[in-house]
Asker: 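My structure is below; once you've seen it, I'll send some questions.
All figures in this text were calculated on a predicted structure; none of them were measured in a lab.
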Protein chains: 2
Amino acid sequence: MAKKTTKRSSKPAPKKSAKKPAKKVVKKAAAKSAAKSSAKSAAPRMIYYFGATRTDGKASQKLLLGGKGANLADMTSIGLPVPPGFTITTEVCDLYYKNGKKLPAALMADVRKYTAMLEAELGKKFGDATSPLLFSVRSGAAQSMPGMMNTILNLGLNDVSVVGLSNATGNERFAYDAYRRLVNMYGDVVMNVDHEHYEEAFDKIKLKYNAKLDTDVPTQGLIELVAAYKEVYRHHVGEDFPQDPFKQLELAIEAVFKSWMQNRAVRYRQIQGITGLVGTAVNVQSMVFGNMGEDSGTGVAFTRNPSTGADEMDGWKPQIYKQLLGVKKTLETHYKDMQDIEFTIENSKLYMLQTRNGKRTGAAAVKLACDMVREKLITEVEAVNRIPASDLTQLLLPSFDPAAKKKAAVLTTGLPASPGAATGKLAFTAEEAVERTHAGEKVLLIRKETNPEDIDGMHSAAGILTSTGGMTSHAAVVARGWGRCCVAGAGQVEIDLKGRTIHINGKTYTHNDVLSIDGSTGEVMEGAVQTQEPALSGDFATVMKWADKYRTLKIRTNADTPADARRARGFGAEGIGLCRTEHMFFEGDRIKAMREMILAENKEARVAALAKLLPFQKEDFAGLFTAMDGLPVTVRLLDPPLHEFLPHDDANQAEMAAVMGVPAEKVKRRVSQLHEANPMLGHRGCRLSVTYPEIVDMQVTAIVEAAIECKNKGINAKPEIMHPLVGTEKELALLRAQTLEVIAAVKAKHNFKGKLDITVGTMIEVPRAALTADEIGKHADFFSFGTNDLTQMTFGYSRDDVNNFLPDYLAKELLPRDPFQSLDTTGVGQLVKMGVAKGRSVKPDLKVGICGEHGGDPASINFCHQAGLNYVSCSPFRVPIARLAAAQAALKYPKGAKK
Amino acid sequence: MAKKTTKRSSKPAPKKSAKKPAKKVVKKAAAKSAAKSSAKSAAPRMIYYFGATRTDGKASQKLLLGGKGANLADMTSIGLPVPPGFTITTEVCDLYYKNGKKLPAALMADVRKYTAMLEAELGKKFGDATSPLLFSVRSGAAQSMPGMMNTILNLGLNDVSVVGLSNATGNERFAYDAYRRLVNMYGDVVMNVDHEHYEEAFDKIKLKYNAKLDTDVPTQGLIELVAAYKEVYRHHVGEDFPQDPFKQLELAIEAVFKSWMQNRAVRYRQIQGITGLVGTAVNVQSMVFGNMGEDSGTGVAFTRNPSTGADEMDGWKPQIYKQLLGVKKTLETHYKDMQDIEFTIENSKLYMLQTRNGKRTGAAAVKLACDMVREKLITEVEAVNRIPASDLTQLLLPSFDPAAKKKAAVLTTGLPASPGAATGKLAFTAEEAVERTHAGEKVLLIRKETNPEDIDGMHSAAGILTSTGGMTSHAAVVARGWGRCCVAGAGQVEIDLKGRTIHINGKTYTHNDVLSIDGSTGEVMEGAVQTQEPALSGDFATVMKWADKYRTLKIRTNADTPADARRARGFGAEGIGLCRTEHMFFEGDRIKAMREMILAENKEARVAALAKLLPFQKEDFAGLFTAMDGLPVTVRLLDPPLHEFLPHDDANQAEMAAVMGVPAEKVKRRVSQLHEANPMLGHRGCRLSVTYPEIVDMQVTAIVEAAIECKNKGINAKPEIMHPLVGTEKELALLRAQTLEVIAAVKAKHNFKGKLDITVGTMIEVPRAALTADEIGKHADFFSFGTNDLTQMTFGYSRDDVNNFLPDYLAKELLPRDPFQSLDTTGVGQLVKMGVAKGRSVKPDLKVGICGEHGGDPASINFCHQAGLNYVSCSPFRVPIARLAAAQAALKYPKGAKK
């Protein structure tokens, strides 16, 4: 499918691809061997030609030719119509510096030799008055590198050859426009002449010819502009614009080499830790022009539909289309993938400027992979490896209709916290969201940030929009868990809670206005943008089947309700890796009993309150065990600090006091008593179990009674009881003993004689737990890495506060990515590996999993596989992603996790 | 010095020493070898005798004889008058269990044999009607173990021998009192008869004889009581109280063995990880009585004055004193230390029941050690090893006069947060403390908790008392840093801020009342208790000289002011290991400039505000460099989150707004903006430097300008610039580059051509920093472990909140000690060792120190020495402690830190 063509524009060059952080480490050995092989002859080869005459370089010679040079050579060598040229090697750059910043003596003679080869091939002459050969000059190191030199186009034009160009093309305006661009660009890039001075000159000409736009200036004006630009050049450089084309080329080559040691480039390499590169290459390529008239143009195209994966390309004149089809076949046969190409058509002739594997949607990726296996273009393994696992999300959630979205007014963009598309009226409190949803409305819950008390409202709402908080804020984590659409941290959304309005960039919306939010992009849009439901193709099932064939990691899900559990099982989950029991304490009567427990002044009163929670918990667990019949269900005992179950504002405290029949002062006092400076590092997790063992008694009783109930019905319940936040061996020893005692007591009480398959293990989420996993492991049947908290404590980053500095850290590239999204394998990963190794040093068969947010992140899954984990656990909607990522990891590291 | 004697009481036994957590690991090998040696003969020896006839056991046979049995043998063998007896070995206990809970067939025959030996030695007969031999029976394993069997006294009494005892002593009342005690104790301990039943019987007798106290019951009543007790016994046990003395003994021995597997004892061993013990021994010892009349008694004594160390013992009748002096000489020659003895005098004859090294004050420890070196009793090295380093604190601070303190009314006891003695009227705010101190009053600052805004008031006050917070709360840490007396977390102190009163257990005190607080014990006392100033003896200097001779660790101090620096240098500090620059931002005009910086809305405004702070900082640093002329001064750049510099209540915010000339709303908004859920893990440390590089510019400029100023005056300034909270290599790379740039720029600006000895390093306080120390080390001239934060993050314990569960953890022995007081060598220590090893893997000579609170804790210093650190840094008053502890560590581990 061709995307666009811009005629009459001067865009002959491969468009500069967005800089992305590339691989940092360059193999020195390779650099050395290249140097060695070229050292065979006395003088190393300095220039590599690519063209019809011959092509010297290869795709594998990135270190010597730079990324761009190697790619141009590769395209040429497979017979694509690439404008010919030559690449000056990175070694010449090295020589330049070793030489005290002088070009090697023989270089320009070589340049003339290869220029002559080009002239012969193209039938043009460099600097010629009749049919001049023109060059583009570009830098190009082995890695993309900001701070290096910009492109120079049209090199070779001078007062003589401009006339030649004019004659050859029959287009004087075009020729002088090209010339004035060269003088401008050359002064700017090679000689550091401030661009402003050229602007001033242009403005004068436009004024003279009463031209509003640059394109309104007539040919005569452009001729005068060339003269004016040359004067600007002379004035600021101190000498005339060089008329000798080879002089132009020599200075441009030197300018590229100089840019290698520019501050910006040096600093970039230092900060990125890029070492082992000897310099940049210089690419000198013959110019082709897409702005020569009606039968010229430039364009980009995909060789197949990148949105659906369908095998279609369209939109071009028949003659061009035929050339394009030929190119497509060559490319797909060579690269064995759908290509995103850039090309120029000069007088109906197609020239290839660049090709790369095309970006695609998740749906397209699945279809393309399956199609190409059927076409025998690729193997099943290649297909599995090729689909970006995280892109599968798009297949599983409703999305906005792209056409409708194009027309929508985007008001602001927050963080894409949980993918999906949601539309609704604005609800400002959780209660309001619940009520209005019950009344049949579709609402978006709008909050500064959410907390566990909002859980009902969050569940009712079609989508969640918060003005603060990051990718791992409460709203984001909970929403992802449910597959609920969420945009978080949309800082431009000002919420007026009392007025029930929000302000976004000057616009105001009330509770009756409709907005749409795109959880995959973070966009907040006005009105109801039309959505489309996902359609899972048969190809999807095929890919999943392949993935399951190759992966060795088990995939579980994080689920707290039977509905979530069933959904996840439908997506292929092989158990529950994390059931957060505290989520069960918020609904209806439960919160009242929970609060009674918290307000209780002695153990007896706590036990009495807990007794009220027991039947609820038991029912919850029975539901989960039933949904997961035959599969393991890891139940984490109470984790959050108790204050999370109490209201923090006066009004709600008063209401709670009324409901409980206690003085408001008592509630307030208890809240204040439970207040902590750093609740994340406070009285929570197993620390609650140590101070209130009666909570463990109740929860374990509920688990065991539910399991017995299921077993008696023929349902194979397989509970795994997990103690959170353990940091010392003795904590787990104590709690394990208590847990086993309760299990035995409940079995005895119910006179259950059968086998109950209940294991007792622990989260490893405190750094100390990983460091002492050989001690803790003695008391654990399994480990589950809680990498959310482990990341918080290993970095010392509070998830709730990290957005105060994380954006700076990412912008300054102090961190490669948000460590809460993708596991920090360098630091946190060491603790994970240590925990696995130490745990298995005392229990070789210790089952080890991960249940942090990272369990659904492909890079992290790859790491987990390598670290030898048994399973990862992720939110239901990420289960297919995890299955695919686990297969990719297994194919990459056959020595990782074992089935 | 003899302490007390209690006549007419029945305390013939070694008093039960307070159970303390003993060493956990028992050498299995030793147990095996003991078992092996006893296996030489067909039947292993079951009983070891101690007495005048012969003594079979040795001090080294703890595993076989238990701690008590080995000690009784040792005392006997050096000729002390110990009541003779015998010990049944722990192996017999093992046999008992292997035998299906039956005593070995030959045991009782052996018991009879050794009883006969005792009878011969003492001229008494077991169960005799004339002069009966009585026994005490006690359990005694190799380690002190709660849950084991209690002592049984007077065993051997029956209806016959009680008459014999009465006749032999001429004291019928004494004899029947002893008999009724035996029946009671025996029923209770051996037969599990509830003590209440005996109480009921006693009450009836008392009623009958109209006796208020037990001692008011006449002899006839006691005779009836014996009968009543025997009836209680018969009723509950189902058989008569055994009249056969050997039957009594056999059942008692079996009861001891049974107690070894009692739940409480088993659980204790499991939780404490005690393994390798085969069982408990049984000690059967002849009774002596201190309640035989005027020339009898029991007592405890120290062989020298435990308070001063003076060589004096006093308070006893001449005849006894002479015996005691003989015992003292024997003991001190044998144990080479001052002894704390327990003894009984039976009819003017002294019997030794127990001896152990005597507890002593710091002053006494120093004097005793020096005296004993002079007496050639011990060597210099032994003297250095013997003085508990932390006890030196007592020598350096004023303390309460013990006599005056004895009379004082202790109102409540908080945590001994910072030692010393302070007396004063009550001040309720920092401002009040400053004002009233200026006005000449001595005040105690009373706060719920303190924060950095209170710093002036804390400094002014004579002492600080807080009602919340732990040993590492702000108040505690700051107070210890200054050597200011502080009692923290005194929960019973209720503060009424408005009423300017406090309530303690029903009593009320106003701002005009005087209290005294003892920072060494946590006691809060009424009125002004008299204090005494420390007098540093020549012995103190001698001990310090010895310590310096042996230690290899350098000792630095944590100091923020020249006064602290000078004081610490006086105590022997060899540099500053931590200067917390934020403490410099609170005084006077500084806080205003700081707040301007925080409120600034752009970089320019921040730079302008910082410019006002520069001269203050420069002056501060110049003062520190001067005080530490020639010694290194580590300056930590700004560390705390910015909100700590802003007021959090409405009134103070309004006041601040007025001072700054901005709307109060702006202050409130900024405070709210800076609010964090977990500030400890938030935007602080080098994260501030990354987002506000201008702060680094200012602070480094101040350091370098101060250093230049000093150098120009001939003062050898040696600043070390330390970046806090670094967690990734790139953070430090960025900040190091910036720091070096500023240093170069300031040198250039001041045209300073000399050598500036400035290094740039980092705190290692985030777990990730330790894990990646090989990366971070590339950019650091030194590491300083910030073990306070490292402990917080490694355990996941917020220092400010840990008291919500730490008491439970210590009570349940889940933690051996507060990890903020003494470094957790198992967990946190791994990260320290890893940090050192990884850092030195890239820089073999990397200088590494520690500047957390642990730097002044002897056990932690011992660890730091072993870990190969170069220095520890502690508060000024702990420098002598650290010097001594470092010497002890060096003597213990010659392979640790190198000079």
Asker: Taking side chain as everything from C-beta outward and backbone as N, CA, C, O, which of these in A/Leu815 sits under 4.5 Å from a heavy atom of chain B? Side chain, backbone, both or neither.
Answerer: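 When you check distances to chain B, only side chain atoms of A/Leu815 fall under 4.5 Å.
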
Asker: Is it the case that atom NZ in A/Lys668 sees more than 12 heavy atoms from other parts of the structure closer than 6.0 Å?
Answerer: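 Yes, the 6.0 Å shell around NZ holds more than 12 heavy atoms from other groups.
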
Asker: Who wins among B/Ala769, B/Gly727, B/Ala733, B/Pro679 for the most heavy-atom pairs under 4.5 Å with chain A?
Answerer: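 Max contact count across the listed options: B/Pro679.
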
Asker: Does anything in residues 821-831 of chain A pair up under salt bridge (Lys or Arg N to Asp or Glu O under 4.0 Å), and if so which pairs, sequence neighbours excluded?
Answerer: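 Passing the test, one end in residues 821-831 of chain A: A/Asp824-B/Arg768.
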
Asker: What is the minimum heavy-atom distance between A/Arg687 and B/Gly796, and which atoms define it?
Answerer: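 That closest heavy-atom pairing would be NH1-O, 2.7 Å.
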
Asker: List in chain and number order the residues that pass ring pair (Phe, Tyr, Trp, His ring centres under 6.0 Å) with A/Tyr797, two or more places apart in sequence or in another chain; answer none if no residue qualifies.
Answerer: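 Testing A/Tyr797 for ring pair (Phe, Tyr, Trp, His ring centres under 6.0 Å), a comparison that skips the adjacent residues, returns A/Phe795, A/Phe805.
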
Asker: What residue, out of B/Leu831, B/Thr691, B/Leu681, has the most heavy-atom pairs lying under 4.5 Å from chain A?
Answerer: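 Heavy-atom pairs under 4.5 Å are most numerous for B/Leu681.
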
Asker: Enumerate by number any residue of residues 771-779 of chain B whose heavy atoms lie under 4.5 Å from heavy atoms of chain A; in the absence of such residues, state 'none'.
Answerer: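 Contacts with chain A: B/Leu771, B/Thr772, B/Glu775.
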
Asker: Taking only heavy atoms into account, what residues of residues 669-678 of chain A are found under 4.5 Å from chain B?
Answerer: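 A/Glu676, A/Ala677, A/Asn678, listed by number.
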
Asker: So which residue, B/Thr468, B/Val690, B/Asp789, B/Leu688, ends up with the most heavy-atom pairs under 4.5 Å with chain A?
Answerer: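 Option with the greatest count: B/Val690.
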
Asker: Mind checking the NE2-CG spacing from A/His683 to B/Asn803? Nearest 0.5 Å is all I need.
Answerer: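 These two atoms lie 11.5 Å from each other.
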
Asker: Kindly give the heavy-atom pair with the smallest separation between A/Val766 and B/Thr794, and that separation in Å.
Answerer: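 Closest pair (atom of A/Val766, atom of B/Thr794, distance): CG1-O, 3.0 Å.
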
Asker: Using 0.5 Å steps for rounding, measure from the NZ atom of B/Lys838 to the CD atom of A/Gln830.
Answerer: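 B/Lys838 NZ to A/Gln830 CD: 3.5 Å, rounded to 0.5 Å.
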
Asker: At a 4.5 Å cut-off on heavy atoms, which part of B/Thr826 comes close to chain A: side chain, backbone, both, or neither?
Answerer: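 B/Thr826 touches chain A through backbone and side-chain heavy atoms alike.
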
Asker: Which region of A/Glu731, side chain (C-beta onward) or backbone (N, CA, C, O), has a non-hydrogen atom less than 4.5 Å from a non-hydrogen atom of chain B, or is it both or neither?
Answerer: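 Both backbone and side chain.
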
Asker: Check step by step if side-chain contact (heavy atoms from CB on, under 4.5 Å) holds for A/Tyr809 and B/Lys730.
Answerer: CA-CA 10 Å; A/Tyr809 270 59; B/Lys730 287 188 181 172; over 6 Å; no

